Amino acid sequence: MNESSLKKTLSKLNIGGLRYFPSLGSTNDEALAWAASDAKDLSLVIADEQTQGRGRLDRKWFTPKDSALAFSLILRPTAPLRPHLSRTVGLAALSIADACLKHGLVPQIKWPNDILLHGKKAAGILIETVWSGEDVDSLVIGIGVNVSRTSVPPMEMLKFPATSIEDELGKEPPAREELLHDIVSAFIAWRERMGTDELVNAWEEKLAFRGEQVQALDGGASTVTGSVQGLESDGSLRLVDEHGKSVTVRFGDVSLRPAA
Ligand code: ADP
């Protein structure tokens with residue numbers, strides 16, 4: 001991966017700008033700083049390796065050299081998009097899922113922010129916001145995809161099983177540039193439909209654990225156990241608890257686990 005191969009691959013997509021780094025702390029940190037200055041809508045920060053890749057809270061995201069996709073897209077919301085910004089994580093998840101489907105994989109979305117292949121985590125999303133007073137100035141959408149086998153973290157780093165596209169395909173994975181192109185292209189197309197039911201329905205259709213019992217964990221303490229029913233129109237998760245009562249789980253630092 002290098003700057004000219006990336007520019008070439010992305011040339012037909014209308015991105016706002018590109019910053020490539022062979023090695024970087026975190027693409028989200030770089031994108032947050034760029035967004036706070038003069039980044040245009042759909043600017044992209046990408047690194048071959050992240051040395052301080054982040055998940056939610058202070059969790060680490062593993063991105064070794066030459067093996068993964070790690071990038072952040074900067075989104076400058078227009079007025080029509082503003083009422084739908086809570087769907088951004090779904091927009092990103094669907095874009096990764098579409099790219100996986102194109103390459104013969106069967107992705108599922110582990111609400112809110114992970115993509116599973118055969119029940120194992122192959123990609124994650126981290127969304128961060130640049131505020132302007134009480135308004136959203138821009139959103140930074142960080143995406144990490146395990147492409148080669150060597151991108152899968154060692155077991156002791158994991159609370160949830162992980163895999164890679166190479167492992168699931170059982171053969172040479174597509175080039176990272178090509179996958180990046182497919183994800184960004186799907187993102188641009190889905191963003192046009194951000195306010196539609198179509199987006200929420202497609203997102204819901206790909207939810208992992210539908211009809212199964214899960215625990216929604218909030219910082220380690222079990223908050224609610226129930227079966228996964230679907231999504232509310234803002235992208236919140238709808239569960240039905242053991243008393244048959246419908247419970248809405250909002251975003252925040254919630255992690256889903258299959259219930260024991
Ligand atoms: P979760 O969704 O598991 O609640 P996050 O979305 O914040 O957590 O992701 C961070 C966690 O993902 C880390 O604590 C680690 O267990 C796991 N992880 C880190 N790097 C990778 C990777 N490349 N692939 C799969 N899982 C990873």
Side-chain angles (χ1 to χ4, degrees), residues 1 23-29 32 46-72 88-93 95-97 99-100 105 107-129 139-169 173 176 179-180 183 203 206-209 214-225 228 235-237 239 249-259:
M1 180 186 285
S23 180
L24 188 64
S26 139
T27 59
N28 261 33
D29 286 346
L32 283 166
I46 177 160
D48 182 41
E49 169 193 46
Q50 287 187 117
T51 55
Q52 307 285 330
R54 291 188 277 115
R56 296 176 302 163
L57 288 178
D58 266 338
R59 294 178 200 133
K60 300 216 176 324
W61 187 263
F62 186 66
T63 320
K65 231 164 120 15
D66 291 336
S67 63
L69 258 184
F71 66 96
S72 300
T88 307
V89 69
L91 168 68
S95 309
I96 303 167
C100 289
L105 296 157
Q108 287 192 306
I109 299 170
K110 180 164 90 70
W111 188 94
N113 66 326
D114 295 320
I115 302 295
L116 306 184
L117 297 174
H118 285 124
K120 297 178 185 171
K121 187 149 131 181
I125 300 161
L126 176 68
I127 299 190
E128 296 181 292
T129 308
L139 292 175
V140 166
I141 301 158
I143 292 181
V145 185
N146 300 338
V147 182
S148 305
R149 194 163 283 151
T150 47
S151 61
V152 178
M155 284 285 280
E156 61 271 16
M157 241 188 99
L158 299 174
K159 287 183 275 99
F160 194 92
T163 190
S164 67
I165 289 181
E166 183 178 14
D167 280 310
E168 298 308 319
L169 283 177
R176 288 178 293 162
L179 272 172
L180 173 72
I183 296 170
W203 180 5
K206 293 199 171 54
L207 282 183
F209 312 124
V214 295
Q215 282 184 314
L217 302 171
D218 183 355
S222 173
T223 49
V224 55
T225 301
V228 173
S236 304
L237 184 70
L239 301 180
V249 183
R250 302 198 184 282
F251 299 108
D253 187 50
V254 176
S255 300
L256 288 193
R257 299 284 181 267

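These numbers come from a predicted model, not from an experiment. One-based numbering, in listed order, for ligands and for the atoms of each.
Ligand-side atoms of ligand 1 in range of Arg59: 1 (P), 4 (O), 5 (P), 7 (O), 8 (O), 10 (C), 14 (O), range being under 4.0 angstrom from any heavy atom. Proximity to Gly55 (heavy-atom distance under 4.0 Å) selects the following atoms of ligand 1: 7 (O). In the vicinity of Asn146, heavy-atom distances shorter than 4.0 Å reach the ligand 1 atoms 22 (C), 23 (N), 24 (N), 25 (C). Heavy-atom contacts of Pro153 reach the following atoms of ligand 1: 20 (N), 21 (C), 22 (C), 23 (N), 24 (N), 27 (C) (cutoff under 4.0 Å). Close approach to Leu158 involves these atoms of ligand 1, each under 4.0 Å from a residue heavy atom: 16 (O), 17 (C), 18 (N), 26 (N), 27 (C). The contact set between ligand 1 and Arg257, taken as ligand atoms under 4.0 Å from a residue heavy atom, comprises 3 (O).
Each of Leu239, Ile109, Val228 was scored for a side chain to side chain contact (heavy atoms under 4.5 Å, CB included) with Phe209, with one residue passing: Val228.
Environment of NZ in Lys206: crowded, with over 12 heavy atoms of neighbouring residues, nucleotides or ligands closer than 6.0 Å.
With 3.5 Å as the limit, one finds a donor-acceptor pair spanning the side chains of Glu49 and Ser23.
Atom CZ of Phe71 and atom CG of Asp48 lie 14.0 Å apart (nearest 0.5 Å). Atoms CD1 and CG, from Ile125 and Asp114 in turn, are 7.5 Å apart once rounded to the nearest 0.5 Å. Going from atom NZ of Lys110 over to atom NZ of Lys120 covers 15.0 Å, rounded to the nearest 0.5 Å.
Geometrically, ligand 1 and Ala162 share no nitrogen or oxygen pair separated by less than 3.5 Å. Checked by distance only, ligand 1 and Met157 come closer than 3.5 Å through their nitrogen or oxygen atoms.
Residue contact check for ligand 1: Gly144 places no non-hydrogen atom closer than 4.0 Å to it. Residue contact check for ligand 1: Ser151 places a non-hydrogen atom closer than 4.0 Å to it. In this structure, Phe160 does not count as a contact residue of ligand 1, since none of its heavy atoms falls inside 4.0 Å of the ligand. Contact analysis leaves Gln50 out of contact with ligand 1, as no non-hydrogen atom separation drops below 4.0 angstrom.
With Glu168 contributing its side chain and Thr163 its backbone, the two residues share no donor-acceptor pair below 3.5 Å. Side chain of Asn28 to backbone of Leu126: a donor-acceptor contact under 3.5 angstrom is found. Looking at Trp111, its side chain never comes within 3.5 Å of a backbone N or O of Gly90 through a donor-acceptor pair.
The side chain to side chain donor-acceptor pair (under 3.5 Å) check on Arg149 picks up Asp167, with sequence neighbours excluded.
Closest heavy-atom approach to atom 7 (O) of ligand 1 within the set Arg56, Arg54, Lys159: this belongs to Arg56.
For Asp114, every heavy-atom contact with ligand 1 shorter than 4.0 Å involves the side chain, none the backbone. Residue-level proximity to ligand 1 for Asn113 is carried by the side chain, the only part with a heavy atom below 4.0 angstrom.
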